[in-house]
Amino acid sequence: DSGVTQTPKHLITATGQRVTLRCSPRSGDLSVYWYQQSLDQGLQFLIHYYNGEERAKGNILERFSAQQFPDLHSELNLSSLELGDSALYFCASSLGVANTGELFFGEGSRLTVL
Amino acid sequence: AQKVTQAQTEISVVEKEDVTLDCVYETRDTTYYLFWYKQPPSGELVFLIRRNSFDEQNEISGRYSWNFQKSTSSFNFTITASQVVDSAVYFCALSEAKGSSNTGKLIFGQGTTLQVKP
């Protein structure tokens with residue numbers, strides 16, 4: 001158990017809908033990262049938040065947004081969903097804005113768009 | 001641009017065989033970090049090892065060993081005496097660095113699916 005909690009574990013929805021994925025980082029970790037794993041794109045970095053502030057953006061679509069709240073949990077909002085958004089979305093956390101250690105990944109939220 | 005290539009898409013071995021998973025990376029950074037992660041059928045990503053670019057010492061952890069060679073930009077992973085429980089997808093990853101620290105933005109390879117048959 002990495003200590004990173006993601007909910008929901010599975011989510012099935014329809015095209016055009018909006019969903020919110022939630023992540024609770026390990027206790028004490030201030031950084032949260034979101035990654036997307038899809039069959040065609042593989043594992044890709046989406047976005048990084050540190051103590052409530054956005055620090056880095058990767059290949060995140062404009063239809064997607066994220067935020068980190070004062071209690072350090074993070075939410076990834078996906079809107080106007082398309083079939084291609086079906087993927088496993090991982091959250092990871094680490095102690096600082098930068099570090100020399102590993103990222104701790106959650107078990108992922110599997111999104112299926114029908 | 002940074003890139004990680006895992007040329008082996010799938011590998012199948014019989015239990016107790018040794019197997020090496022290849023990883024080749026590209027980066028212009030002088031400081032960077034390399035990782036291996038395991039993704040078992042259950043789906044979670046399990047950290048295996050981290051290496052920084054200044055430490056070329058090979059590492060052994062039980063049946064696992066890693067060979068880091070900057071001269072060939074490779075960071076290969078060997079499982080000795082493979083077991084059925086080693087069946088998983090293995091990812092090699094490279095991270096951007098700011099100063100001496102890992103930014104947490106990992107660039108993953110496409111992964112190698114390892115099947116260990118009894």
Side-chain angles (χ1 to χ4, degrees), chain A residues 1-6 8-10 23 25-26 29-51 54-60 68 74 87-112, chain B residues 1-10 23 25 27 29 31-55 59 61 64 66 75 88-113:
Chain A
D1 183 0
S2 66
V4 178
T5 304
Q6 290 188 247
K9 286 190 168 36
H10 301 275
C23 170
R26 288 189 324 153
D29 283 357
L30 300 177
S31 270
V32 169
Y33 310 81
W34 286 97
Y35 282 81
Q36 179 196 57
Q37 184 178 27
S38 62
L39 283 175
D40 53 348
Q41 299 290 330
L43 265 162
Q44 288 203 315
F45 168 75
L46 295 178
I47 199 163
H48 169 207
Y49 276 84
Y50 172 74
N51 204 20
E54 181 186 305
R55 297 305 297 252
K57 257 186 176 179
N59 299 320
I60 187 167
Q68 186 180 27
S74 177
L88 186 55
Y89 291 85
F90 284 106
C91 169
S93 74
S94 67
L95 178 60
V97 63
N99 61 86
T100 58
E102 64 175 288
L103 295 187
F104 295 90
F105 282 85
E107 293 185 347
S109 292
R110 185 171 295 281
L111 172 65
T112 302
Chain B
Q2 296 180 312
K3 186 179 177 182
V4 176
T5 301
Q6 295 179 255
Q8 304 150 309
T9 306
E10 291 184 23
C23 172
Y25 63 92
T27 181
D29 292 341
T31 303
Y32 51 89
Y33 289 83
L34 294 164
F35 300 79
W36 276 94
Y37 280 86
K38 174 182 179 180
Q39 187 174 38
S42 50
E44 72 271 27
L45 283 169
V46 179
F47 168 82
L48 295 178
I49 191 172
R50 169 189 56 86
R51 257 294 176 261
N52 73 49
S53 52
F54 297 110
D55 182 2
E59 182 158 338
S61 176
Y64 295 170
W66 290 269
F75 186 42
V89 182
Y90 290 86
F91 291 95
C92 180
L94 168 70
S95 84
E96 294 184 350
K98 286 185 180 175
S100 61
S101 298
N102 159 31
T103 63
K105 179 181 174 181
L106 301 180
I107 294 106
F108 284 88
Q110 287 300 104
T112 297
T113 300

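Per chain, numbering begins at 1; letters A, B, ... match sequence-line order.
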Engineer: Might you point out which heavy atoms bring A:Ser94 and A:Leu103 nearest each other, and give the distance in Å?
Structural biologist: CB-CD2, 3.8 Å

Engineer: Any donor-acceptor pair under 3.5 Å linking the side-chain atoms of A:His48 with those of A:Ser31?
Structural biologist: yes

Engineer: With a 4.5 angstrom heavy-atom cut-off, could you sort out which part of A:Gln41 is near chain B: side chain, backbone, both or neither?
Structural biologist: backbone

Engineer: Can you say whether A:Leu43 sits under 4.5 Å from chain B via the side chain, the backbone, both, or neither, judging by heavy atoms?
Structural biologist: both

Engineer: Applying side-chain contact (heavy atoms from CB on, under 4.5 Å), name anything that partners B:Ala7, two or more places apart in sequence or on another chain.
Structural biologist: none

Engineer: Is it the side chain or the backbone of A:Tyr35 that comes within 4.5 Å of chain B heavy atoms, both, or neither?
Structural biologist: side chain

Engineer: Apply side-chain hydrogen bond (donor to acceptor under 3.5 Å, both in side chains) to B:Thr9 and list each qualifying residue two or more places apart in sequence or on a separate chain.
Structural biologist: none

